[in-house]
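When a ligand or atom number is given, it counts from 1 through the structure's own listing order. Basis for what follows: all heavy atoms, side chains included, without hydrogens, waters or symmetry-related copies.
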Amino acid sequence: MQAIPIAQSTVDTPERQAFYDRISRQNLTPLWLSLADLVTPEPRSQCQPASWHFSDIRSAMLEAGTLITAKEAERRVLVLENPGLRGQSKITTDLYAGVQLVLPGEVAPAHRHTQSALRFVLEGAGAYTAVNGERTIMNEGDFIITPPWAWHDHGNPSDKPIFWLDGLDIPVVQFLDASFAEHLDQDEQPIFRPVGDSDARYGANLLPLDHKSGGASSPVFNYPYARTRDALERLRRANAWDPCHGLKMRYTNPITGNHAMATMGTFVQLLPKGFSTSSYRSTDATVFAAIEGCGRTHIGDDFIVDWKKRDLFVVPSWQKVRHEAVEDSVLFSFSDRPIQEALHLFREDRGNV
Ligand code: 1HN
């Protein structure tokens, strides 16, 4: 047996064309004209490889900071739009990303929505985000979760601006026509738990005695970089290098061992100085943020990103990716992998390593 592409192109005749025109008036259309575009032999995405230097984003954001307050904007964010998907607020076909700035003394007011959000802190320290009655302090490299339908507001009592990467499943929720959102009647939500409460309850290899099953979103809502970085450093000593990824870990929900969020997989990887990964591709288009070091990433046949700390780039579905670390480097990344795994659609190609 041999596999060949499905759906050969058909011949157009005047009789066929007249038929197509006639049935079109009844909202009918022949499948044989579109089958090859609907069911492709491999992913064929509008999403393109792209990259952003943080220094460019930073200056545009500071300019935005002179033009509009966090309160007036609701969220002062510049959206990272994929060049192949302009005008749609998408960084990949099904994910949204933006960079948010909160200036000293500002509050981004409380609201909630059915979309899930992740934050990855790029620059700054000592701001907070409040989720479900608890504040957590945001420091560089921290990965923070806002679960669906959770009240959330952000504030920056520090004396320096804070910048973070927002990742949301907005296009997924849009596709499912399941968006709900509302605003709280006060800027900051009431706080009824001390800082660190969720971490102590769920993030210390302990669980409250009578805690039962886990939800889809991790109850640990801040994964501090200091701890993540320490784990990577200890694993470095174990020489746990993967040819395709260096040393790559996924953030988990400690109750279930699943991904920390239902719709977005989040990952962190250490690439030691001089390490070059083997070519890898997977069906989950992935957004990367460098948090330490510098290097070069090859995407697809001809896209090259020279990145350093805080730079951002995106790898489309099924395009080959190869990283070269010039210095010891750490990359944070996120993708729709949990959705693809749940639907048994996730595929990867490790190039036989
Ligand atoms: C949102 O709620 C935040 O809470 C950031 O910081 C970006 C983009 C679209 C819709 C809601 C936030 C967002 C967002």
Side-chain angles (χ1 to χ4, degrees), residues 52 57 60-61 64-65 68-82 85-124 126-140 142-158 161-189 191 217 221-223 260-264 266 287 289 312 314 332 334 336:
W52 293 264
I57 298 176
M61 293 239 59
I68 193 161
T69 62
K71 190 172 157 82
E72 188 190 349
E74 182 95 14
R75 295 295 185 261
R76 189 200 289 110
V77 174
L78 294 180
V79 179
L80 305 175
E81 281 206 319
N82 190 286
L85 302 162
R86 290 306 307 269
Q88 303 177 54
S89 298
K90 294 175 177 181
I91 190 155
T92 68
T93 309
D94 66 355
L95 294 177
Y96 158 102
V99 174
Q100 180 157 182
L101 164 66
V102 184
L103 288 168
E106 281 192 318
V107 168
H111 67 196
R112 62 178 179 175
H113 38 71
T114 47
Q115 292 83 355
S116 307
L118 66 84
R119 330 276 170 200
F120 184 73
V121 182
L122 295 169
E123 183 193 312
Y128 65 82
T129 187
V131 171
N132 287 331
E134 179 180 336
R135 282 184 182 169
T136 191
I137 309 303
M138 305 177 82
N139 293 314
E140 207 173 283
D142 293 356
F143 156 56
I144 295 156
I145 296 174
T146 310
W149 207 238
W151 291 110
H152 55 285
D153 48 274
H154 321 298
N156 183 3
S158 86
I162 185 161
F163 300 84
W164 66 75
L165 173 67
D166 284 314
L168 286 93
D169 55 7
I170 291 172
V172 176
V173 176
Q174 195 171 49
F175 181 70
L176 298 172
D177 280 332
S179 177
F180 292 88
E182 60 192 28
H183 203 82
L184 196 64
D185 63 354
Q186 55 200 95
D187 283 353
E188 293 176 282
Q189 67 181 285
I191 298 301
S217 204
F221 71 107
N222 190 346
Y223 295 72
M261 308 178 74
T263 51
M264 291 182 284
T266 46
V287 180
L312 304 161
V314 56
F332 171 83
F334 70 95
D336 63 5

How close do [X] and [Y] get, counting heavy atoms only, and between which atoms?
X      : Y      : result
Glu81  : Ser89  : OE2-N, 2.8 Å
Lys71  : Pro109 : CA-CD, 4.1 Å
Leu103 : Arg76  : CD1-NH2, 3.7 Å
Ser217 : Ile145 : OG-CG2, 3.8 Å

Open item on the list: Using heavy-atom distances only, which candidate in Ile170, Val173, Val131 approaches atom 9 (C) of ligand 1 most closely?
Closed with: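 Of the listed residues, Ile170 has the closest heavy atom.
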Contacting atoms of ligand 1, where contact means under 4.0 angstrom from a heavy atom of [X]:
X      : value
Gln100 : 5 (C), 6 (O), 12 (C)
His111 : 1 (C), 2 (O), 4 (O)
His113 : 1 (C), 2 (O), 11 (C)
Arg119 : 3 (C), 4 (O), 5 (C), 6 (O), 12 (C)

Task: Geometric class of the His113/His111 ring pair [parallel <30°, tilted 30-60°, perpendicular >60°] - done: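 Ring orientation, 0 to 90° scale: perpendicular.
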Note the single closest protein heavy atom to [atom], along with its residue, its atom name and the distance in Å.
atom                    : value
atom 6 (O) of ligand 1  : His154 NE2, 2.6 Å
atom 12 (C) of ligand 1 : Arg75 NE, 2.8 Å
atom 8 (C) of ligand 1  : Tyr96 OH, 3.5 Å
atom 14 (C) of ligand 1 : Leu168 CD2, 3.9 Å

Task: contact_flag Gln115 ligand 1 heavy-atom lt 4.0 Å - done: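 In this structure, Gln115 fails to qualify as a contact of ligand 1 - no heavy atom is under 4.0 Å.
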TODO: Report yes or no: do Asp166 and Trp164 form a side-chain donor-acceptor pair below 3.5 Å?
DONE: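 Result is yes, a qualifying pair exists.
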Open item on the list: Using 0.5 Å steps for rounding, measure from the CG atom of Asp169 to the CG atom of Leu95.
Closed with: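 Asp169 atom CG to Leu95 atom CG measures 7.5 Å (nearest 0.5 Å).
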TODO: Please work out whether any backbone atom (N, CA, C, O) or any side-chain heavy atom from C-beta onward of His152 is under 4.0 Å from ligand 1, and answer side chain, backbone, both or neither.
DONE: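 His152 to ligand 1: side-chain contact only, backbone stays beyond 4.0 Å.
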Task: Verdict with supporting geometry, Gln174 and Tyr96, side chain to side chain donor-acceptor pair (under 3.5 Å) - done: CA-CA 11 Å; Gln174 195 171 49; Tyr96 158 102; over 6 Å; no
